[in-house]
Undergrad: 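Have a look at the structure that comes next, please.
Values reported hereafter were calculated over all heavy atoms of this structure, with side chains retained and with hydrogens, waters and symmetry mates removed.
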Amino acid sequence: MDISVIKSENVTTTGGITIGQPDAPLTSIEFINAACPYCRKWFLKSEEMLTEAVKAGRLKRIIKPFDKDKADLQLGNLAHTYLPFNQPETVMQALSFLFTHQKTWRNDLTPDEFKKYIEQNLNLAPQDNAENLATIIAEADRANIKFVPTIILGEHIFDESIAMPDLNTLLK
């Protein structure tokens, strides 16, 4: 990922799903797609460390579900329509489940089957997220963010390939 083209000054802390204390000294903004295998890698390998930093009051996370046109990410776009933006704990549980089980649904389910999968496994219903999701797409476009995951933590921009010791250093 070429981070030199990203205009982080165009990324805001509004929109998305906020986890953690509003006055936490660090903020991460994470553009992700629920069907992206690289987002899965990021989420699962960093989840424990980020959750610990949130619980300690050091980090506020802003998850921005980023709808993409790529064919193999369409079920991720559909999953985003089920996320209750105003219920961050529910969203985190849903994302954890979706990423943990991504290999079982990503390539094997039709959109209608996936809707049933979400409704049965996560007990979620479609949300009125169109405006929120459109705002995230527009923001990513203004910031020239093209790839998922893209994570902005303070002045640092990275993707799933960040080494966990490096992430740990950034979270201190």
Side-chain angles (χ1 to χ4, degrees), residues 1-47 49-51 53-54 56-92 94-96 98-99 102 127-164 166-172:
M1 172 171 75
D2 180 9
I3 63 168
S4 68
V5 300
I6 294 176
K7 300 172 186 172
S8 61
E9 67 275 10
N10 292 335
V11 175
T12 70
T13 57
T14 60
I17 299 107
T18 301
I19 298 100
Q21 298 300 318
D23 59 348
L26 295 170
T27 299
S28 71
I29 302 170
E30 304 167 43
F31 289 84
I32 62 170
N33 183 289
C36 170
Y38 302 105
C39 293
R40 175 186 187 275
K41 179 181 175 185
W42 158 252
F43 191 90
L44 295 178
K45 81 176 184 177
S46 67
E47 184 175 24
M49 191 179 300
L50 294 175
T51 299
V54 167
R58 291 190 318 270
L59 177 68
K60 172 177 65 176
R61 294 177 74 183
I62 301 173
I63 306 293
K64 297 201 176 195
F66 187 15
D67 287 355
K68 300 291 290 170
D69 291 334
K70 195 172 177 187
D72 64 347
L73 298 181
Q74 294 306 299
L75 289 183
N77 299 351
L78 180 57
H80 303 160
T81 68
Y82 280 80
L83 298 176
F85 277 47
N86 61 344
Q87 299 173 32
E89 288 182 25
T90 300
V91 169
M92 293 308 286
L95 288 173
S96 183
L98 290 169
F99 284 129
Q102 188 186 76
Q127 305 291 306
D128 185 17
N129 285 344
E131 187 176 324
N132 289 331
L133 294 169
T135 299
I136 291 167
I137 292 168
E139 178 180 6
D141 189 50
R142 284 190 307 277
N144 206 29
I145 293 172
K146 305 291 183 204
F147 301 104
V148 287
T150 295
I151 300 98
I152 300 171
L153 178 58
E155 300 299 317
H156 304 277
I157 303 170
F158 52 90
D159 61 14
E160 79 286 350
S161 63
I162 188 169
M164 288 301 98
D166 293 340
L167 178 61
N168 192 42
T169 298
L170 294 176
L171 292 172
K172 297 294 180 182

Undergrad: For a quick test of reading the model, state the closest non-hydrogen atom pair linking Pro84 to Val91 and the distance between them.
TA: O-CG2, 3.2 Å
Undergrad: Go through the steps to decide whether Thr150 and Phe66 satisfy the test side chain to side chain contact (heavy atoms under 4.5 Å, CB included), and finish with yes or no.
TA: CA-CA 10 Å; Thr150 295; Phe66 187 15; over 6 Å; no
Undergrad: Could you check if a side-chain atom of His80 sits within less than 4.5 angstrom of a side-chain atom of Asn129, using non-hydrogen atoms only?
TA: no
Undergrad: Would you mind reporting whether Leu167 and Leu153 have side-chain heavy atoms less than 4.5 Å apart?
TA: yes
Undergrad: Is there a side-chain contact between Ile152 and Lys64 in this structure, where contact means two heavy atoms from C-beta onward sitting under 4.5 Å apart?
TA: no
Undergrad: Atom SG of Cys39 and atom NZ of Lys68: how far apart are they, to the nearest 0.5 Å?
TA: 10.0 Å
Undergrad: Can you name the closest pair of heavy atoms from Ser96 and Glu47 and give their distance?
TA: OG-OE2, 3.4 Å
Undergrad: Of all the heavy-atom pairs spanning Pro25 and Gly57, show the shortest one and how long it is.
TA: CD-O, 3.3 Å
Undergrad: Looking only at heavy atoms, what is the nearest atom pair of Lys70 and Gln74, with distance?
TA: O-NE2, 3.0 Å
Undergrad: Does Leu95 form a side chain to side chain contact (heavy atoms under 4.5 Å, CB included) with Phe43? I'd like the steps, not just the answer.
TA: CA-CA 9 Å; Leu95 288 173; Phe43 191 90; 4.0 Å; yes
Undergrad: Is the shortest side-chain heavy-atom distance between Glu30 and Leu50 below 4.5 Å?
TA: yes
Undergrad: Does any part of the side chain of Phe99, heavy atoms only, come nearer than 4.5 Å to the side chain of Ile32, both counted from C-beta?
TA: yes
Undergrad: For the pair Tyr38 and Asn33, evaluate side chain to side chain contact (heavy atoms under 4.5 Å, CB included) and give the outcome as yes or no after the intermediate values.
TA: CA-CA 9 Å; Tyr38 302 105; Asn33 183 289; over 6 Å; no
Undergrad: Evaluate Asn10 against Glu139 for side chain to side chain contact (heavy atoms under 4.5 Å, CB included), listing each step before the verdict.
TA: CA-CA 7 Å; Asn10 292 335; Glu139 178 180 6; over 6 Å; no
Undergrad: CD1 of Ile62 to CD1 of Ile29: how many Å apart, nearest 0.5 Å?
TA: 5.0 Å
Undergrad: Counting heavy atoms not belonging to Glu9, are there more than 12 under 6.0 Å from its CD?
TA: yes
Undergrad: Measuring from atom NE2 of His156 to atom CD1 of Ile3, what distance do you get when rounded to the nearest 0.5 angstrom?
TA: 10.0 Å
Undergrad: Return the NZ to CD1 distance between Lys60 and Ile19, rounded to the nearest 0.5 Å.
TA: 11.0 Å
Undergrad: Is there a side-chain contact between Leu83 and Gln127 (heavy atoms, below 4.5 Å)?
TA: no
Undergrad: Roughly how far, to the nearest 0.5 Å, is CG of Leu98 from CG of Leu75?
TA: 10.0 Å
Undergrad: Any chance NZ of Lys45 has more than 12 other-residue heavy atoms, nucleotides or ligands included, within less than 6.0 Å?
TA: yes
Undergrad: Give a yes or no on whether Tyr82 atom OH has more than 12 heavy-atom contacts from other residues, nucleotides or ligands under 6.0 Å away.
TA: yes
Undergrad: Within a radius of less than 6.0 Å around CG of Asp23, do more than 12 heavy atoms belonging to other residues, nucleotides or ligands occur?
TA: yes
Undergrad: For a 4.5 angstrom cut-off between non-hydrogen side-chain atoms, does Pro65 reach Asn132?
TA: no
Undergrad: Might you point out which heavy atoms bring Leu171 and Arg58 nearest each other, and give the distance in Å?
TA: O-NE, 3.1 Å
Undergrad: First locate atom CD1 of Ile63, then atom OG of Ser28, and finally report the distance between them rounded to the nearest 0.5 Å.
TA: 6.0 Å
Undergrad: Under a 3.5 Å distance rule, please check whether Glu160 uses its side chain to pair with a backbone N or O of Pro149 as donor and acceptor.
TA: no
Undergrad: Do Trp42 and Ile151 have side chains that get closer than 4.5 Å, going by heavy atoms?
TA: yes
